[in-house]
2 protein chains.
Amino acid sequence: MSSNAHLPSLSVLRCFEAAAKHESFTAAAEELGLTQGAVSRQVKDLEDQIGAALFRREGRGVRLTHAGQRFAKDIAQNLTQLRRSVFQAVAAGEAQNVLTISALPTFATRWLVPRLVDFKQVHADICLVLQTRSEPFDLIEEGVDLAIHFGAPEWPGAQITPLCPEDLVVVAAPELLRQQADPEHPDMSALPLLHISSRPHLWDAFLKGQSSRVGSKNQSSYFDQFSLVISAAISGLGAAILPTYLIEDELAAGTLVRLASVPNSPNQNYFIATPTAVPNPLAAAFAAWVRKQVTQRV
Amino acid sequence: MSSNAHLPSLSVLRCFEAAAKHESFTAAAEELGLTQGAVSRQVKDLEDQIGAALFRREGRGVRLTHAGQRFAKDIAQNLTQLRRSVFQAVAAGEAQNVLTISALPTFATRWLVPRLVDFKQVHADICLVLQTRSEPFDLIEEGVDLAIHFGAPEWPGAQITPLCPEDLVVVAAPELLRQQADPEHPDMSALPLLHISSRPHLWDAFLKGQSSRVGSKNQSSYFDQFSLVISAAISGLGAAILPTYLIEDELAAGTLVRLASVPNSPNQNYFIATPTAVPNPLAAAFAAWVRKQVTQRV
DNA sequence: TGTATCAGTGAATAAAACTCATGGATTAAA
DNA sequence: TTTAATCCATGAGTTTTATTCACTGATACA
């Protein structure tokens with residue numbers, strides 16, 4: 001049915017995508033490095049091909065119609081996926097095997113990437129594409145072979161391999177502790193607290209467990225990535241609750257000092273997710289390698 | 001990263017898609033209505049842009065390289081989705097609301113479509129896109145708002161609404177029965193049997209349950225859609241096990257005669273699947289309407 | 001009431017896609 | 001082994017498509 005239908009050209013679709021994003025032909029033209037007239041023409045062509053108005057011309061500007069909104073959503077997605085395909089093809093080049101992995105940003109930077117050399121020694125011929133993601137997503141749709149994530153072991157359409165608990169500890173910079181009355185037995189609830197936005201209640205839960213009173217929120221700072229929390233903690237901005245996996249170097253070097261252990265949350269673990277649909281030996285090898293890396297740890 | 005990367009044009013991609021499908025530039029050109037030279041050039045351009053050989057030139061012909069196979073798979077999927085988006089936009093036109101539904105082929109033809117008039121009376125302003133599918137698939141990826149399916153109520157990433165059991169009956173054309181020794185008490189195991197390919201053991205299970213001996217397979221015929229089984233049964237080719245939903249008219253008109261009831265399989269039902277991700281009021285309204293239609297039945 | 005800011009458009013130009021014609025390489029057949 | 005047929009690559013030329021330029025009209029805002 002639609003298989004041989006005449007497709008609008010990519011330039012038409014790109015123009016529409018940008019025009020829809022900005023609801024402005026001029027802004028779209030600027031983004032694309034074209035003139036406003038070019039965008040206007042392309043959009044008009046598209047409307048002729050679709051057979052429906054995609055924009056309502058309202059005086060000085062343009063607004064998406066209902067049909068335009070629907071189509072823009074679809075097209076944006078289609079083009080994103082197309083770009084991903086092309087990008088992966090360019091990245092992979094002529095490599096025999098490609099493995100696309102996603103991981104949590106800070107976990108990727110601090111734990112995974114430093115260890116990848118080891119994996120590459122065994123699998124020298126592969127092209128590895130690593131992307132960072134903070135939320136679960138559709139593995140197949142995004143062409144990802146394997147994801148490393150943290151939380152309850154649930155991921156639609158994916159097979160789960162548990163890895164390890166999170167292993168949280170309370171840490172602070174040594175300088176920060178020296179400012180306290182008794183540096184040997186610091187009063188954590190008196191320290192400024194550093195939070196990770198995705199889990200704002202970590203400190204609350206910990207301090208309650210300690211039957212400490214909860215520290216003043218006035219001194220709290222929130223960051224949306226662990227890497228930011230780590231930097232903040234090192235610079236002495238406050239005390240943080242962090243996974244040991246992410247601060248192994250800092251603990252060893254003494255730039256962060258461990259103040260206490262935090263009980264692991266039940267049913268919250270690092271885990272690997274792989275698409276159930278297609279068995280992928282390379283992804284399986286990678287998963288096995290990650291598990292080995294985790295257990296090798298003291 | 002890849003967002004502003006230069007994308008190969010659609011003509012390039014279509015040429016590659018066809019060339020990859022046939023592993024022949026000439027055949028691709030024929031499919032696309034172009035000359036062989038055009039395809040050859042476009043593929044070469046694509047290879048330059050990707051920076052990798054996608055085909056190995058082997059004497060008279062061409063073969064996909066590893067990289068080519070990967071890329072071809074991705075591109076075929078991308079283009080299919082793009083075509084679907086465009087098709088839906090064309091189909092929907094300026095309609096305010098679009099509802100895309102998938103259903104089992106024969107269920108759609110015989111049960112759903114005849115009743116759609118009723119739904120359209122309440123929801124006159126919507127554009128309805130109906131597609132038939134025999135297997136579960138990714139609802140979101142394919143842009144389907146609601147699917148009606150039969151089997152165990154499982155569908156990854158979807159919310160399930162049970163509808164009704166299958167309600168199978170054994171039927172045959174009256175002419176076929178008249179040829180039997182005792183038309184009032186036909187011997188089913190002596191009749192030629194009509195099977196649906198997707199469930200080849202329906203008859204076995206039924207006849208065993210009846211402690212009848214299983215009829216000779218020599219007289220069996222297999223069809224991959226219920227609609228074919230129905231036609232065959234009406235024309236007197238044999239006895240069939242069919243859902244009453246699909247042959248209401250024939251039973252009423254007497255072109256098919258009910259010989260026996262078949263016990264419902266446990267945990268096998270008609271059900272509705274909707275994507276869990278986005279709540280869709282129109283899909284919910286449709287689901288409610290279908291449920292009403294089902295229960296209205298005597 | 002003037003000015004700045006949009007989108008639409010005719011005519012011209014640049015770029016891309018395509019054809020035609022041809023040559024080289026390879027296979028299958030005589 | 002020669003011959004014919006088939007397939008891909010490519011130079012030159014043509015057609016189609018995309019884009020610009022320069023201008024128009026509409027509209028909001030001051």
Side-chain angles (χ1 to χ4, degrees), chain A residues 4-65 67-69 72 75 79 82 86, chain B residues 4-65 67-69 72 75 79 82 86:
Chain A
N4 277 331
H6 174 63
L7 279 178
S9 75
L10 262 196
S11 45
V12 162
L13 295 175
R14 271 206 320 269
C15 281
F16 174 64
E17 182 193 29
K21 191 168 85 184
H22 297 105
E23 291 203 311
S24 154
F25 294 177
T26 307
E30 198 169 336
E31 178 186 322
L32 298 170
L34 298 177
T35 60
Q36 169 270 319
V39 175
S40 169
R41 273 187 155 64
Q42 297 284 51
V43 169
K44 190 165 157 18
D45 283 2
L46 180 60
E47 288 180 313
D48 289 347
Q49 289 180 53
I50 297 295
L54 300 173
F55 289 94
R56 224 186 340 271
R57 274 67 174 176
E58 296 192 331
R60 208 173 48 159
V62 290
R63 297 285 308 278
L64 278 169
T65 62
Q69 283 173 19
I75 289 303
L79 290 183
L82 194 55
V86 172
Chain B
N4 277 330
H6 173 63
L7 279 178
S9 77
L10 268 194
S11 46
V12 162
L13 295 175
R14 272 207 319 269
C15 281
F16 174 63
E17 181 193 31
K21 190 169 85 184
H22 297 106
E23 291 204 311
S24 153
F25 294 177
T26 307
E30 199 169 336
E31 177 186 324
L32 298 170
L34 299 176
T35 60
Q36 166 270 321
V39 175
S40 169
R41 275 187 154 66
Q42 298 284 52
V43 170
K44 191 167 156 20
D45 282 2
L46 182 59
E47 289 180 312
D48 288 348
Q49 289 179 54
I50 297 295
L54 299 172
F55 289 95
R56 225 186 340 269
R57 275 67 175 177
E58 295 192 332
R60 205 173 51 161
V62 290
R63 298 287 306 277
L64 278 168
T65 61
Q69 283 173 17
I75 289 303
L79 290 183
L82 194 55
V86 172

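A, B, ... follow the sequence lines: proteins, then strands. Residue 1 opens every chain.
- Contact annotation for B/Val39: no contact, since no heavy-atom pair falls under 4.0 Å across all strands.
- Side-chain contact between B/Phe16 and B/Asp45 is absent, with no heavy atoms from C-beta onward closer than 4.5 Å.
- Rounded to an integer number of Å, the gap from CD of A/Glu30 to P of C/dT5 is 12 Å.
- If you take CD of A/Glu23 and P of C/dA7, they are 11 Å apart, rounded to a whole angstrom.
- For B/Leu46 and C/dA17, the CG to C1' distance is 15 Å, given to the nearest whole Å.
- Each of A/Gly59 and A/Gly33 lies near DNA chain D, and the nucleotide nearest A/Gly33 is the one positioned closer to the 5' end.
- The side chain of A/Gln36 places no N or O atom within less than 4.0 Å of a non-bridging phosphate oxygen (OP1 or OP2) of C/dC6.
- When side chains are defined from C-beta on, B/Cys15 counts as touching B/Leu34, because their heavy atoms get closer than 4.5 Å.
- For B/Ser40 and D/dC8, the shortest distance from a side-chain N or O to OP1 or OP2 is not below 4.0 Å.
- Atom CZ of B/Arg41 and atom P of D/dG13 are 13 Å apart (whole Å).
- Checking the phosphate oxygens (OP1, OP2) of C/dC18, no side-chain nitrogen or oxygen of B/Thr35 falls inside 4.0 Å.
- One atom, CG of A/Asp48, and another, C1' of D/dT17, lie 15 Å apart when rounded to the nearest Å.
- In this structure, A/Thr65 and A/Phe55 have side chains that are not in contact, with every pair of non-hydrogen atoms separated by 4.5 Å or more.
- Across the protein-nucleic acid pair, A/Asp45 atom CG and C/dA7 atom P stand 16 Å apart, rounded to whole Å.
- Taking side-chain N and O atoms only, A/Thr26 has a distance below 4.0 Å to OP1 or OP2 of C/dA7.
- In the set D/dT19, D/dC8, C/dA7, the nucleotide with an atom closest to the side chain of A/Leu34 is D/dT19.
- A close approach under 4.0 Å does not occur between any side-chain nitrogen or oxygen of A/Arg57 and OP1 or OP2 of D/dA26.
- Between the CG atom of A/Leu54 and the C1' atom of C/dA7 there is a distance of 16 Å, given to the nearest Å.
- Note: CG (A/Leu10) to P (D/dT19) measures 11 Å, nearest angstrom.
- In this structure, of D/dA28, C/dT27, C/dA17, it is D/dA28 that holds the atom nearest to the side chain of A/Arg60.
- Using a 4.5 Å heavy-atom cutoff, the side chains of B/Glu31 and B/Lys21 are in contact.
- Heavy-atom nearest nucleotides on DNA chain D were determined for A/Cys15 and for B/Ala38, and the one closer to the 5' end corresponds to B/Ala38.
- Looking only at distances, no side-chain donor or acceptor of B/Gln36 sits under 3.5 Å from a matching main-chain atom of B/Ala29.
- As judged by a 4.0 angstrom heavy-atom cut-off over every strand, B/Gln42 is placed among residues touching the sugar-phosphate backbone only.
- Close to D/dA18, at under 4.0 Å from its OP1 or OP2, lies a side-chain N or O of A/Ser9.
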